[in-house]
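A short worksheet on the structure shown next.
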Amino acid sequence: MAFENKLIQQRIEKAKILKDAGYNPYANDNARSTTIKKYLYVNSDIEEKENKRDEKRHYCVSGRIKFFRMMGKASFIKIEDESGMLQIYVARDNLAEGFYNDFFKKHFEVGDIVEVGGFPFITGQGELSLHATEVKMLTKAISPLPEKFHGVTDKEIRYRKRYLDLIMNNDARKTFTIRSRVISLTRHFFENKGFLEVETPMMHPIPGGANAKPFVTHHNALGIDRYLRIAPELYLKRLIVGGFEAVFEINRNFRNEGMDATHNPEFTSIEFYWAYKNYKDLIEITKEYFRYLFEHLSLPTILPYGDLEINFDKFSEIPLLESLVTIGEVPPEIIKDKKSIVEYLSARNFPVKAEMTLGQLQGELFDAFVEKKLINPTFITEYPVEISPLARRSDKNLDVTERFELFIAGREISNAFSELNDPVDQYERFKAQVENKDAGDDEAHEMDEDFIEALSYGMAPCAGQGIGMDRLVMLLTNEHSIRDVLLFPAMKPIINEEKVSDEDALI
RNA sequence: GUCUUGUUAGCUCAGCUGGUAGAGCACGUCACUUUUAAUGAUGUGGCCGAUGGUUCGAAUCCAUCACAGGACACCA
């Protein structure tokens with residue numbers, strides 16, 4: 001990176017002039033005495049003071065210059081720190097002799113980070129401002145900021161240079177603040193419930209806990225490959241075996257799959273496991289969790305999401321088969337007959353493989369006709385056994401599992417079930433998965449004998465749940481791309497053609 | 001993966017059926033001591049994403065590639 005751009009050259013020159021005059025353009029000592037938000041709050045009484053000012057008060061604030069309005073012998077600038085924006089009045093005669101004309105006017109500009117000392121007053125237009133008596137450069141910005149009114153709108157720039165997005169777009173800052181709050185509230189919610197936060201390996205000898213393609217990396221010292229985890233599930237269950245009765249982990253999972261508006265190669269989820277509980281208890285704690293989030297985020301329970309309106313007061317619960325009929329409008333007489341389902345799906349342009357099991361076909365019906373219609377939060381329960389390899393069978397109906405998925409705005413937000421704790425059954429299910437893998441399904445689960453051995457010591461009956469945090473944040477912030485809730489979403493590298501040819505030349 | 005729309009100054013965008021590259025903001029110079037996207041005057045700034053092709057002539061037409069956005073299919 002060469003600073004060859006003319007605008008950058010100009011600004012480097014300005015920094016140099018300041019430096020030569022004894023004003024360090026990257027000053028290390030600063031005297032900030034308050035944030036902008038506090039300044040505005042503390043001085044909200046200036047309205048009542050004589051001349052709407054109080055020269056006895058003195059504050060020192062700092063921030064980035066966002067607006068610069070120069071009017072001859074005086075200027076208005078607006079500076080912004082994390083807490084807010086403040087207008088500063090800078091007049092020649094209030095600064096040290098010559099500083100305004102020789103330095104401030106010429107070498108301070110939008111983008112620079114400055115420190116300003118002075119007293120509070122209210123302008124003729126009625127804005128609480130700061131009357132500067134000292135101005136100091138803290139950091140000279142040598143790249144110009146994007147346009148002050150439109151900011152950056154180019155999605156590519158916003159994702160690749162998130163810092164610019166954060167400088168220019170208040171909404172972006174707000175979204176990531178909410179994201180941080182959601183993670184923090186989630187942690188507190190489960191801690192308050194007596195859950196223990198744990199950290200399990202991110203590098204797995206056998207990728208497990210989900211059906212997905214893993215990233216592979218290599219451990220040099222051991223001379224073996226490791227897999228970035230696709231889910232923490234099997235390690236968290238080992239902890240239930242070990243006697244912890246309520247554990248959770250909030251962290252990243254990695255899946256070597258496609259990217260789109262709802263998928264990033266690394267994403268954040270919470271998984272929690274709860275001994276002596278079942279999936280019914282999970283439904284209750286999920287509702288409670290949402291109430292907790294909404295209360296602490298001060299969100300209204302009816303939230304807009306794009307063109308939709310989601311009522312977070314209305315959680316409903318419906319078994320999968322019933323939803324096919326009442327929501328999907330699938331004729332009730334066909335939903336337990338493989339042949340009829342295949343015909344029904346094919347006739348509506350949903351091709352299915354002939355060898356699918358009844359449970360798989362019911363799942364296809366659900367995906368085709370029900371999922372997108374689930375706008376208000378809906379727990380779909382009683383999933384077919386065939387599509388729930390890690391879930392415990394229902395005692396009342398052996399064809400279905402004690403499982404639910406939570407759908408909001410037509411998207412899956414959470415997956416949960418009473419856990420399978422019969423080691424022999426689990427062994428058989430892994431074996432079936434291995435057969436699928438040998439048959440070419442590269443997302444099928446691998447045999448994990450170490451996990452089977454753990455189960456063989458006895459895992460207390462328990463229920464476990466995963467919630468996709470990125471998608472949850474999308475719902476709460478009305479964002480429609482996962483990239484808008486990830487600070488640094490995965491992007492393809494930009495190939496620098498000059499560099500490529502340089503490297504070629506070396507070879 | 002498929003389809004589709006983009007890529008022009010630091011940023012936001014014009015540029016019609018091919019004929020020497022435009023605006024606003026920013027920046028430079030000048031004026032202005034209460035402005036609110038300050039204002040007025042004036043000036044600098046571009047290999048029009050890359051590579052080929054068609055043409056006397058390409059930002060514009062065609063092809064390929066790269067990156068991005070959107071939609072659809074699969075996975076959280």
Side-chain angles (χ1 to χ4, degrees), chain A residues 3-11 13-14 52-53 66-78 85 87-94 100 105-106 109-111 121-127 129 131 141-161 164 167-168 209-213 230-231 252-271 349-351 364 367-368 405-406 411-415 441-443 466-472 474 480-484 489 491-498 500:
Chain A
F3 303 114
E4 65 222 2
N5 182 287
K6 188 182 151 192
L7 296 170
I8 293 178
Q9 280 300 329
Q10 257 173 27
R11 296 177 76 126
E13 184 57 28
K14 290 180 186 182
K52 296 192 176 179
R53 62 184 57 219
K66 298 296 286 288
F67 295 95
F68 204 120
R69 291 190 276 273
M70 224 263 293
M71 300 173 307
K73 297 177 191 66
S75 299
F76 284 96
I77 61 174
K78 290 214 169 182
M85 183 107 77
Q87 177 167 267
I88 312 286
Y89 180 66
V90 186
R92 185 191 64 187
D93 301 340
N94 293 91
Y100 182 86
K105 226 165 84 169
K106 286 183 179 164
E109 60 204 312
V110 170
F121 80 115
I122 290 179
T123 64
Q125 300 295 313
E127 181 169 343
S129 308
H131 198 121
I142 61 168
S143 280
L145 283 187
E147 204 242 9
K148 62 188 168 188
F149 190 58
H150 299 94
V152 262
T153 58
D154 185 326
K155 290 256 185 195
E156 185 167 358
I157 298 178
R158 295 183 58 190
Y159 297 151
R160 286 192 198 274
K161 304 183 183 180
L164 274 185
I167 291 172
M168 301 307 296
N211 295 335
K213 276 180 251 174
I230 55 176
R252 229 66 67 77
N253 294 324
F254 306 86
R255 299 191 184 173
N256 206 341
E257 292 166 353
M259 292 152 59
D260 63 26
T262 54
H263 296 86
N264 195 68
E266 48 182 308
F267 64 100
T268 301
S269 70
I270 176 171
E271 283 200 19
N349 239 344
F350 292 99
E364 293 290 320
D367 292 344
E405 289 195 356
L406 173 62
R411 270 211 286 268
E412 184 196 336
I413 290 297
S414 179
N415 182 19
D441 179 357
D442 51 8
E443 291 188 356
I467 302 173
M469 301 308 288
D470 311 289
R471 291 183 181 180
L472 176 61
M474 285 168 67
H480 294 257
S481 170
I482 195 168
R483 295 183 196 101
D484 292 318
M491 300 291 278
K492 285 198 200 178
I494 299 171
I495 295 161
N496 185 327
E497 297 196 8
E498 279 173 42
V500 169

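A note on names: the letters A, B, ... follow the listed sequences, proteins ahead of strands, and every chain is numbered from 1.
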**Asked** Between the base of U35(B) and the side chain of Thr123(A), is there any donor-acceptor pair under 3.5 Å?
**Response** yes

Between the CE atom in Met168(A) and the CZ atom in Arg158(A), the distance rounded to the nearest 0.5 Å is 11.5 Å

Re U54(B): Watson-Crick or G-U wobble partner, both distances kept under 3.5 Å, found to be none

**Asked** Do Tyr89(A) and U35(B) have a side chain to base donor-acceptor pair shorter than 3.5 Å?
**Response** no

Whole-Å distance, Asn5(A) CG to A26(B) C1', equals 11 Å

Review point. Would you say the base of U35(B) and the side-chain of Gln87(A) have a donor-acceptor pair closer than 3.5 Å?
Key: yes

The Watson-Crick or G-U wobble partner of C48(B), with both key distances under 3.5 Å, is none

Do the side chain of Ser75(A) and the base of U33(B) come within less than 3.5 angstrom through a donor-acceptor pair of N or O atoms? no

Exercise. Would you say a side-chain N or O of Arg160(A) is under 4.0 Å from OP1 or OP2 of A68(B)?
Worked result: yes

*asked:* Any donor-acceptor pair, under 3.5 Å, between the side chain of Gln125(A) and the base of U34(B), if you only look at N and O atoms?
replied: no

Partner of U35(B) under the Watson-Crick or G-U wobble criteria, both distances under 3.5 Å, comes out as none

### Message
Say we look at C62(B) and G19(B): how far apart would their P atoms be, to the nearest angstrom?
### Response
15 Å

Checklist entry - Taking N and O atoms by type only, does the side chain of Asp260(A) place a donor or acceptor under 3.5 Å from a partner on the base of C72(B)? => result no

Would you please classify the geometry between the Tyr89(A) ring and the His131(A) ring as parallel, tilted or perpendicular, with 30° and 60° separating the classes?
perpendicular

